[in-house]
Amino acid sequence: MNELEWHLLEDKTPLDFTEVNGVALKKGDRVILRPRAGGGDIFDLALAGKTATIEAIEQDYENRIHLAVTVDEDPGRDLGELRQIGHRFFFSPEEVEPFAPKEMEGIGE
C-alpha cells in the first residue's frame, strides 16, 4: 500500500446514520443481530438473535456499509466501546433489525 492509499483510508469518516427497513439507525441505537444464513462463521451462529448497540457506522472503499456493534450481554462490552478486538463485531445493514422492545417480550421467560 502506498502513501496515497493510506491517506485515502484515513480520510474515510464514519457515517452519521444508515437506513434499515425504513428506519434510520445511528450510533447508540440498539439492533437485533440476524446474520445471513449459511454465510457466516461461528460468531454469527453464537450472536444470532442477540441485541446489540451500534458503536459506529463505517463505510469501506467499495462503499459497503458496516455496523460496528457491541453485544448488550457481553460482560466485556466496555472493551468493545474502546474498540478492542473480540468485543466489537461487524455486521452489514442487511444482517440487523432495528430493535423494537415489543419483539423481546417473552424472551428469557
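These numbers were taken from a predicted model, which means no experiment stands behind them.
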Beyond-backbone contact of [X] with [Y], side-chain heavy atoms, under 4.5 angstrom:
X	Y	answer
Phe91	Asp44	yes
Val96	Ile32	no
Thr53	Arg77	yes
Val69	Glu55	no
Gln59	Arg64	no

Write down the atom of [X], the atom of [Y], and the distance for their closest heavy-atom approach.
X	Y	answer
Glu58	Ala56	OE2-CB, 3.8 Å
Ile57	Leu25	CD1-O, 3.4 Å
Leu67	Pro93	CD1-CA, 4.2 Å
Pro75	Asp78	O-OD1, 3.9 Å

Separation of His66 NE2 from Thr18 OG1 (nearest 0.5 Å): 11.0 Å

Audit row: Thr51, Val31, side chain to side chain contact (heavy atoms under 4.5 Å, CB included) steps and yes/no: CA-CA 6 Å; Thr51 58; Val31 294; over 6 Å; no

Counterpart residues, salt bridge (charged side-chain N to carboxylate O under 4.0 Å, His left out), relative to Asp29 (two or more places apart): Lys26

Salt bridge (charged side-chain N to carboxylate O under 4.0 Å, His left out) partners of Glu95, counting only residues at least two apart: Arg36

Short side-chain to backbone donor-acceptor contact, Asn21 and Val23, under 3.5 Å: no

Are [Y] and [X] connected in a single hydrophobic cluster, I mean Ile/Leu/Val/Met/Phe/Trp/Tyr linked by side-chain heavy atoms less than 4.5 Å apart?
X	Y	result
Val71	Ile42	yes
Leu79	Leu47	no
Ile65	Ile54	yes

Salt bridge (Lys or Arg N to Asp or Glu O under 4.0 Å) between Arg30 and Asp72, intermediate numbers included: CA-CA 9 Å; Arg30 294 178 68 208; Asp72 292 349; 2.8 Å; yes

Phe90 CZ: over 12 foreign heavy atoms closer than 6.0 Å: yes

